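Every number for a ligand or one of its atoms is a count from 1 in the order of the listing. Because the structure is predicted, anything quoted here is derived from the model rather than measured.
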Amino acid sequence: MAEPRPKVWVSQPLFDDIVERLHAHFDVVQVPVVSEHDTSAIADALREADGALVTLNERIGSDEVAGASKLRAIANVGVGYNNLDIDALQARDIVATNTPDVLTETTADFGFALMMAAARRVTEAERHLRAGRWQGWNFKGLLGADLHGSTLGILGMGRIGQGIAKRASGFDMRVVYHNRSRLPADVEREFNASYVDFDTLLAQADHLVLVLPYSSASHHIVDAAALAKMKSTATLTNIARGGIVDEAALADALGSGRLASAALDVFEGEPTVDPRLLALDNIVLTPHIASGSLATRRAMVALAVDNLIAALGAGPDAGHPPSVIAPAANDGKSAKRPGTA
Ligand code: DGY
């Protein structure tokens, strides 16, 4: 008798023509509508599964995989993976993969767009106009801050941080960065970026962009004390994960004029946004769309599908998924914590 085909669970609707490739190798159960899955729903879905394709909406840790005796692979559609408890998966020999590289440029584009929008008050100005408050051209109305000639601070100088630095050179910005480890000198030269300590980054940046992974070490790294070290004219942009910024402290800083403006694409309690942030004018708020170009979201799904096929021992890369998450790289231990980059 033929071996039964492995079973895989796909947690959300993605792109059918790409997910279709799984059907050549596996029996696929796909959730047809965008859904929230709690622990018991995920545990039920994984109980009979050999593999799963999941998004950042699904938190997967020891409780979710406790009854999943056949589970061998989790393919995350996203580069950030603090929705996964890598230690818990590794303890059960479950391979975890993510989707780096394919979203770098798109996410860097969006980070730059948000930074510009915050500096030049783009969404605030549009709301002003749409509300009928524009009474005529006003020489001193809605004045913002320049990007050109200013200092860009990047916290987290991985692929996306480097993409933002690359864009900054076209704006004649000076780039300073802080990272867990300093980049080699040739990479610093390539991006014209200088390494500084965290406090210097806060003090020197006219525009600070957060692109670091979320972990217990980066939880609320931008808190009231950090914000107090920034220039009052500065902007803060977060395209990483919500938990990196203490949102209450940010709301205070923006409300009191301690910080000029901010742009957030990620939030601690997604999809809920702190009402104090919603009430402010000097903040740009977008619903976690930094990687959201059609081409890039398709590329993310394609890579996740390749990862899953390979991790389950099929296809041309059988046994060698293109982007396995190295267990040591996960310092998040945060499957129960909100939202990473
Ligand atoms: C990621 O890949 O981590 C993004 O935040 C989701 O697109």
Side-chain angles (χ1 to χ4, degrees), residues 10-15 18-19 34-37 52-60 74-86 89 96-115 154-164 209-215 218-219 237-245 247 263-273 284-308 321-326 329-341:
V10 181
S11 65
Q12 302 287 342
L14 298 165
F15 295 102
I18 304 173
V19 172
V34 178
S35 307
E36 267 186 44
H37 307 291
L53 200 68
V54 302
T55 71
L56 58 82
N57 287 328
E58 287 76 55
R59 314 246 168 246
I60 301 187
I74 299 282
N76 201 42
V77 190
V79 66
Y81 52 84
N82 67 318
N83 54 317
L84 308 180
D85 183 337
I86 299 296
L89 298 184
T97 64
N98 67 341
T99 60
D101 301 321
V102 292
L103 48 66
T104 300
E105 300 299 331
T106 296
T107 306
D109 280 352
F110 194 76
F112 220 86
L114 279 188
M115 173 173 63
I154 301 176
L155 183 58
M157 196 63 161
R159 289 165 283 231
I160 299 170
Q162 291 173 19
I164 290 173
V209 182
L210 309 180
V211 214
L212 69 168
Y214 179 78
S215 70
S218 64
H219 179 72
T237 297
N238 187 7
I239 54 168
R241 283 294 182 265
I244 291 170
V245 175
E247 291 175 354
L264 303 182
D265 184 50
V266 285
F267 304 89
E268 195 157 6
E270 292 179 18
T272 304
V273 178
V284 180
L285 301 166
T286 52
H288 203 148
I289 56 167
S291 66
S293 74
L294 176 60
T296 289
R297 286 282 163 89
R298 287 181 61 82
M300 291 165 69
V301 175
L303 177 53
V305 164
D306 287 344
N307 277 326
L308 188 56
S323 42
V324 175
I325 298 169
N330 179 53
D331 51 4
K333 299 187 175 69
S334 51
K336 298 290 175 235
R337 274 199 168 152
T340 252

Item checked: Value rounded to 0.5 Å, distance of OG1 in T286 from CD1 in I289 -> 5.0 Å
Note to self: Working to the nearest 0.5 angstrom, can you tell me the gap between S215 OG and I244 CD1?
What the structure shows: 8.0 Å
Check: Knowing that exactly one of T97, N98, N83, T55 qualifies, which makes a side chain to side chain donor-acceptor pair (under 3.5 Å) with N76?
Finding: N83
Check: Counting both backbone and side chain atoms, is some N or O of G80 under 3.5 Å from an N or O of ligand 1?
Finding: yes
Next item on the list: Taking only heavy atoms of M300 into account, list the atoms of ligand 1 that are under 4.0 Å away from them.
Entry: 2 (O), 7 (O)
Notebook entry, point to check: Applying a 4.0 Å heavy-atom criterion (strictly less than), which segment of L56 is in contact with ligand 1: side chain, backbone, both, or neither?
Noted result: side chain
Check: For ligand 1, which atoms sit closer than 4.0 Å to a heavy atom of R297?
Finding: 7 (O)
Notebook entry, point to check: With a cut-off of 4.0 Å, which atoms of ligand 1 are near a heavy atom of H288?
Noted result: 4 (C), 5 (O), 6 (C)
Check: Which value, rounded to the nearest 0.5 Å, describes the distance between F110 atom CZ and M115 atom CE?
Finding: 12.5 Å
Checklist line | Which of the ligand 1 atoms, numbered from 1, are nearer than 4.0 Å to a heavy atom of L103 | finding: 2 (O)
Notebook entry, point to check: Does any N/O atom on T99 come nearer than 3.5 Å to any N/O atom on ligand 1?
Noted result: no
Note to self: Rounded to the nearest 0.5 Å, what separates atom CG in L303 from atom CZ in R298?
What the structure shows: 14.0 Å
Notebook entry, point to check: Is there a donor-acceptor pair under 3.5 Å between the side chain of N238 and the backbone N or O of D265?
Noted result: no
Check: Can you list the ligand 1 atoms lying under 4.0 Å from a non-hydrogen atom of S291?
Finding: 6 (C), 7 (O)
Notebook entry, point to check: Any side-chain heavy atom of F112 sitting closer than 4.5 Å to one from I164?
Noted result: yes
Margin query: Between ligand 1 and G78, is the shortest N or O to N or O distance under 3.5 Å?
Written below: no
